[in-house]
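Report on the structure given below.
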2 protein chains.
Amino acid sequence: MVSAGYDERVETRELRYFVAVAEELHFGRAAQRLAMAQPPLSRAIQQLERRLGVVLLHRTARAIALTEAGSVLLREARTALDAVEAAERRTRRAAGDQPGVVLAAKAGASRELLSKLLDAYAAEPGSVAVEVMLCGPGEPEILLRTGRADVALLHRPYDTTAGFDTEDLHTEQQVVVLPKGHPLANRAHLSLVEVNAQTDLPLPRWPGRDGGHPDGPGPQVRDHTQLFQLIALGLACAVVPESLRDQLRDDHAIVPVPDAPAVTTVIAWPPHSRSKAVADLVRTATRL
Amino acid sequence: MVSAGYDERVETRELRYFVAVAEELHFGRAAQRLAMAQPPLSRAIQQLERRLGVVLLHRTARAIALTEAGSVLLREARTALDAVEAAERRTRRAAGDQPGVVLAAKAGASRELLSKLLDAYAAEPGSVAVEVMLCGPGEPEILLRTGRADVALLHRPYDTTAGFDTEDLHTEQQVVVLPKGHPLANRAHLSLVEVNAQTDLPLPRWPGRDGGHPDGPGPQVRDHTQLFQLIALGLACAVVPESLRDQLRDDHAIVPVPDAPAVTTVIAWPPHSRSKAVADLVRTATRL
DNA sequence: CACGACCAATACCCGTGCGGTATCGCCGCC
DNA sequence: GGCGGCGATACCGCACGGGTATTGGTCGTG
């Protein structure tokens with residue numbers, strides 16, 4: 001009697017399939033996304049459920065929904081798949097000829113700090129080439145988690161630094177950016193509730209992790225350039241860290257918002273990084 | 001022309017194989033550990049190398065060694081496999097009927113803090129059953145990383161809290177525990193170098209992550225009970241947090257070691273935990 | 001109320017690839 | 001020089017992943 005009979009181990013393929021189904025909540029579309037037919041996908045999910053001994057989906061012939069366990073697995077599977085992807089990427093890059101590091105940062109944020117950091121690090125003995133990836137909001141975190149970047153500049157509380165090692169570099173207050181000549185523009189300071197209360201200038205909507213924009217009023221925005229242009233046109237306002245004032249044109253006005261949460265720029269890296277270059281970069285950053 | 005031809009995606013099976021080979025540095029033993037024959041294992045590693053486009057092992061017909069990329073993959077693969085295992089376990093437990101949490105802590109450490117925490121949490125409204133796993137040094141960290149525990153008490157700097165969210169609970173100095181009547185026992189304090197310099201009482205060797213003990217002098221030790229017994233017998237001494245004095249018998253003597261690093265007890269949990277029970281437990285702990 | 005649309009599950013088939021046994025090639029060591 | 005140890009290669013069989021065709025059940029809808 002060969003007990004159980006099933007192989008208990010879960011494969012990444014199954015996790016990828018499950019994530020696709022859980023996100024689409026539709027076997028057909030998920031199969032399409034995975035470039036495969038629907039029946040094998042159904043079977044694979046059933047097999048996963050058997051392996052785990054757990055019901056992951058409520059099936060009602062008309063639609064499917066995640067069970068409690070299913071939504072736990074969705075979250076866990078994403079981080080597990082990120083870790084696997086990171087393993088691939090970091091291994092590939094460790095074998096690459098050139099030993100550079102990849103630093104991810106939101107385009108436009110902490111511009112001065114970033115250039116000072118790069119200069120200071122380049123002057124260090126034994127420094128290697130730094131490839132800078134400038135990207136949209138929320139992306140540096142994902143790049144770091146999936147091994148596409150070795151180190152990143154993040155901004156609490158906007159970015160979540162959970163799961164990384166970090167060093168605080170700089171803390172600053174936030175300001176609201178208004179079109180020049182706006183009625184509120186000559187106030188000495190504003191509160192968050194006042195900013196939210198005024199309805200003629202909506203707050204912009206940033207894309208989420210999935211790339212989609214949340215619903216609601218306000219223009220969709222992908223980067224600071226877009227944002228500041230929209231503000232200059234009188235179509236939006238936004239609360240941003242005050243260091244962004246460097247990038248404003250004279251058709252903007254800024255007003256401090258003392259009760260908005262302070263923004264801390266941190267340098268973050270994967271907790272088990274053994275790279276000398278990352279360590280040097282972090283040390284340089286903390287000494288700025 | 002169907003470009004590449006290989007499936008780029010890495011499966012957990014391959015990672016498990018590689019970890020076994022990298023740890024054993026011997027295909028035969030690794031295959032045995034994996035309960036399979038050696039040839040398929042060789043092939044699987046070659047396939048992994050092709051997939052990644054990277055040489056992972058230096059083969060010299062007599063022995064094998066990790067390349068630079070190989071040791072990167074070993075580290076990354078371990079954390080990725082931990083994440084996959086955590087996904088399985090947390091999903092299984094999310095489907096379980098009883099909604100308890102599992103708390104891991106080193107047996108014997110922070111005994112008083114732990115019992116106060118459990119009492120206080122049990123008194124909270126909406127508290128659930130807490131299963132306490134008392135385990136050896138270094139284990140809570142692994143339990144947390146692989147999803148066997150939901151929350152843990154760790155001790156910096158002994159445990160590495162990298163990759164977890166933590167809250168500091170308590171900081172204390174360390175003391176050296178000596179057999180009663182030892183020549184140094186009546187000193188008001190000792191320095192680390194003095195402790196290391198005296199050679200009649202060796203420091204014990206704790207097991208590493210793999211369960212093996214490092215080489216060197218001194219007795220092998222698995223828990224504090226063993227340790228204190230050895231000390232009482234005059235066969236060892238040890239530097240430990242002072243709160244462990246509760247567990248000493250009167251055949252021990254303790255002397256403060258002011259320059260030993262302070263030990264901070266922290267409560268730690270996986271960064272993306274959404275469990276109300278874990279959140280309540282953490283909140284309770286910080287209020288103690 | 002019957003019919004069609006929709007969607008997941010089932011039935012069945014085929015090919016790939018994983019794992020097994022047997023063997024080779026290579027190197028170090030009595 | 002021969003033997004032993006170890007990884008690679010050769011070859012084979014079967015289990016499993018993936019494909020097509022079809023069923024079954026449940027909504028809308030005329």
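This is a predicted model, so every value here is computed, not measured. Lettering of chains follows the sequences in order, A, B, ..., and the numbering in each one begins at 1.
Along DNA chain C, the nucleotide closest to A:H26 and the one closest to A:P40 are compared, and the more 5′ of them pairs with A:H26. For the pair A:Y17 and B:A63, nearest-nucleotide mapping onto DNA chain D gives the more 5' position to B:A63.
Computed from coordinates, the B:I64 CD1 to D:dG5 C1' distance equals 14 Å when rounded to whole Å. Here the C1' atom of nucleotide D:dG7 and the CZ atom of B:R29 are 13 Å apart, to the nearest Å. Atom pair B:E24:CD and D:dC6:P shows a separation of 12 Å (rounding to whole Å applied). For B:E14 and C:dG17, the CD to C1' distance is 12 Å, given to the nearest whole Å. Rounded to whole Å, the distance from CZ on A:R59 to C1' on C:dT10 is 13 Å. The CG atom of B:L57 sits 14 Å away from the C1' atom of D:dC6 (whole-angstrom rounding). Between B:Q32 atom CD and D:dC6 atom C1' the separation is 14 Å, expressed in whole Å. Counting to the nearest Å, the C1' atom of D:dC16 and the CZ atom of A:R9 are 19 Å from each other.
Between B:E23 and B:R78 a salt bridge is recorded (basic side-chain N to carboxylate O distance below 4.0 Å). Using a 4.0 Å cut-off between a side-chain N of Lys or Arg and a carboxylate O of Asp or Glu, A:E76 and B:R93 do not qualify as a salt bridge. At a threshold of 4.0 Å, the pair B:E85-B:R145 does not count as salt-bridged, since none of the basic side-chain nitrogens sits closer than that to a carboxylate oxygen.
Using a 3.5 Å distance cut-off with no hydrogens or angles, the side chains of A:T12 and A:R16 do pair a donor with an acceptor.
Phosphate contact (OP1/OP2 of C:dA9, side-chain N/O of A:S42, threshold under 4.0 Å): present.
With hydrogens and angles left out, the side chain of A:R43 and the base of D:dG18 share a donor-acceptor pair within 3.5 Å. Side-chain atoms of A:Q46 stay outside donor-acceptor range of the base of C:dA9, with no qualifying N/O pair under 3.5 Å.
Which of C:dA9, C:dG20, D:dG18 sits closest to the side chain of B:A37 comes down to C:dG20. Here the side chain of A:Q47 is nearest to one of D:dA8, D:dG17, D:dT20, namely D:dG17. Taking only side-chain atoms of A:R13, from C-beta outward, the nucleotide of C:dG19, C:dA8, D:dG18 with the closest atom is D:dG18. Considering only the side chain of B:P39, C:dA22 comes nearest among C:dA22, C:dA11, C:dA8.
Looking at every heavy atom in both residues, A:Y121 comes nearest to A:G126 through OH-O, 4.4 Å.
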